[in-house]
Amino acid sequence: MATGAAGVSARRQGGRRRAGAQYVMDFLEATGVPHLVGIPGHGNVNLFDAALDAPGIRCIFPMHEQSAAHFADGYARASGRPLAVTTSIGPGAMNTVVGIATAYVDSIPMLVFTGSTHTYMRGHSVLQEIERRRFSDNPRVMEPITVRSFQPSRIEELPFVMARAWSAATTGRTGPVLVDLAMDLQAEDAEFDAPVPALRRPGGRTRPDADFVLRAAERLAGASRPVIVAGGGVVLAEACDLLARIAERLGAPVATTWMGKGAFPEDHPLFAGQIGDQGSTSGNATTAAADVILSVGCRFTDWSSCSFRKGVTYAIPPTELIQVDIDAQEIGKNYPAAVGLVGDAAAALADLDAALAMHLPRPRAMGDLPWHDRLSRVRAEWLAAVDGPASYAGWPTTISRALREIRAAAPRETLVVTGAGLPQGQVFAEFPVYEPRTHITSGGFSTMGFTLPAAAGARAARPDRPVLAIAGDGDFLQTVQELALLAQEDLAVTVVVLNNRGWRSIRNFQLGAYGRVAGTEFQRRGQPYSPDFAQVARAFGIPGHLATDPTDLRRAVGDALRSGGPALIEVPTAGDPPLSVAQKPGWWDLPVGRHHEAARHRYEEGRAEEQLS
Ligand SMILES: Cc1ncc(C[n+]2csc(CCOP(=O)(O)OP(=O)(O)O)c2C)c(N)n1
Ligand SMILES: [Mg+2]
């Protein structure tokens, strides 16, 4: 039996002798993971070295580990395929936290390999080790933001750990998985059998109980005002076609959450709109008036539910809820569910459609339900409400007008990527998309700094598609260094910076509630401050353009998307209300102190109507 240099016996006979890092690459290749994304340091140089001998894996080097995670996240959201992220020990690992958390909250699969202390030196204050409470303690920082984490102690454990990590990241409710990989385990060798990941992971999909499906179908078929709420789970499960089939069979309007945007074509006659405080009046009015709601892969966040204020997005009860989720813990969490279907969205919707066909063999036509007239009316009202700010002719422009021009310049199949700030909410509500995985946003975590690196990942995943990164100036400045990533990888992302010289979404809130602001406008010596973004792009070797009017903006975006390379367009947007303010067709519980009397009064009125049980 072979003995590794660390004195461990490799149990397997007949395998090939490989270093731990080489085994990790073999495993990744066997799963089809095409990229290892990260920054080399002494804690993970062995992984990058092993990748040189792995023809299936190309390494990608962003300028910050947060971006490595966002890149992998954007890639997975655009394609459904996870990537591997790697960092050195200590600060590199800690730099990924925001990126991993963003992926975790939205159930995006990812494998993260952090370098770690040598197993034989754990706890001895190794450079960059966190060890005051426990040896090699980095993984505990990641505990709440990973679906599982591993810290193997022996090289022999690697096949088991890799298989478990892959299974945890990619099955059931998916998400990021951490493997904290000791430097010696990367370097030592042992005899390993060739990995066969498929044998360690379930095939097929989990299906809900058949009785429950029949009950759900009966209630839905009997509904006079049925509505479907599509969450991110529909996209993750590739269940969008089935969702559309059920919507058409029932004649049910479809509303989408942030994560669900794209699950249903936004020019479909049954599209009701987006829901939540930054959704649409039509979406909220439709879900609030439903008699039966079918929710699919949606966790009813406060953001998409208008903080549960009764009658704004939902009134459950009296509305009856039929809830489909892959995670049983989500059923009945925020609203009582008349029927809870636990299962993969595609499997559940396929079963539900078959059961519905017994009640409704043919799809309902528009107009078959009296409900449809109301849908067309609320939809037209919402589109008219957006038309005002989107027609604004002045310059600096409104974000609504900018989005109208950008949408007009972008082909239908364009991927649009956003992070926190006004662009995130306004793209959600005002920038129509037509296909799943074409709207990518840091949804549940609403992370600033996401847009640029995630768009880079999205473009790497979909080199066949135009990719737009629409960022606020604040969002962009958190990861501006990734212009270097676009340049080095020549990733054709068109970056649009909506520059209102501040964190205006927050400032708008401050003005509305407090009538005064603190720190949300960028200033230098009392004057508005902004870097010259077009110039910044040029400094990174990327064409930069400052848009001068709406027509110029439309032309510049079209040119950039067709250019085949990265480009940046800066758009000056209004900083002050009313032009800086987005439509907020709902309610969001943001506590205000009693010393702001009027705002406090409004806040208490809203809060008194919240339904939490
Ligand atoms: C990492 C992170 N820090 C802070 C916040 C809180 N936050 C949400 S939006 C926002 C301002 C965004 O500014 P910008 O990108 O310029 O967009 P704007 O609202 O000005 O259009 C901030 C600070 C956040 N979501 N994420
Ligand atoms: Mg801003």
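All ligand and atom numbering here is 1-based and tracks the order in the structure. Sequence positions, counted from 1, serve as the residue numbers for this chain.
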Specify whether Y335 and F300 have parallel, tilted or perpendicular ring planes, treating 30° as the upper limit for parallel and 60° as the lower limit for perpendicular. perpendicular
Note the single closest protein heavy atom to atom 5 (C) of ligand 1, along with its residue, its atom name and the distance in Å. M448 SD, 3.6 Å
Considering non-hydrogen atoms only, spot the tightest contact between L579 and Y392 and give its length. CD1-OH, 3.3 Å
Can you tell me which residue among N500, V571, T573 is in a side chain to side chain contact (heavy atoms under 4.5 Å, CB included) with D473? N500
For the Mg ion (ligand 2), decide whether G502 has an N, O or S atom at a distance under 2.8 Å. yes
Short N-O contact, R401 and E430, less than 4.0 angstrom: no
Which of the ligand 1 atoms, numbered from 1, are nearer than 4.0 Å to a heavy atom of Q478: 1 (C)
So which heavy atom in the protein is nearest atom 14 (P) of ligand 1, and how far is it from that ligand atom? G474 N, 3.5 Å
Applying a 4.0 Å heavy-atom criterion (strictly less than), which segment of I506 is in contact with ligand 1: side chain, backbone, both, or neither? side chain
Please confirm whether R412 makes a cation-pi placement over Y434, using NZ or CZ under 6.0 Å from the six-membered ring centre and within 45° of the ring normal. yes
Please indicate whether any nitrogen or oxygen in I399 is less than 3.5 Å from any nitrogen or oxygen in ligand 1. no
Any idea which protein heavy atom is nearest atom 13 (O) of ligand 1, and the distance to it? W503 CD1, 3.3 Å
Compute the angle centred on the Mg ion (ligand 2) spanning OD1 of N500 and OD1 of D473, and express it rounded to 10 degrees. 90°
Give the atoms of ligand 1, by number and element, whose distance to some non-hydrogen atom of R504 is under 4.0 Å. 18 (P), 19 (O), 20 (O)
With atoms numbered from 1 as shown, which atoms in ligand 1 lie under 4.0 angstrom from a non-hydrogen atom of N500? 18 (P), 20 (O), 21 (O)
Less than 3.5 Å between some nitrogen or oxygen of T447 and one of ligand 1, yes or no? no
Least distance between heavy atoms, W258 atom then Q424 atom: CH2-OE1, 3.2 Å
In the protein, which heavy atom is nearest to atom 15 (O) of ligand 1, and how far is it? D475 N, 2.8 Å
Out of G449, S580, G419, S505, the nearest non-hydrogen contact to atom 11 (C) of ligand 1 is supplied by S505
Among all the protein's non-hydrogen atoms, which is closest to atom 25 (N) of ligand 1, and how far away is it? S446 O, 2.8 Å
Any atoms of ligand 1 less than 4.0 Å from a non-hydrogen atom of G421? List them with their elements. 9 (S), 12 (C), 17 (O), 19 (O)
For P423, the atoms of ligand 1 under 4.0 Å from one of its heavy atoms are 17 (O), 21 (O)
Considering all heavy atoms of both residues, which atom of V85 and which atom of A68 are nearest to each other, and what is their separation? CG2-O, 3.7 Å
D475 and G449: which non-hydrogen atoms are nearest, and at how many Å? OD1-N, 2.6 Å
Just checking F445 against Y104, ring centres under 6.0 Å apart? no
Which heavy atom of F271 sits nearest a heavy atom of P265, and at what distance? CB-O, 3.7 Å
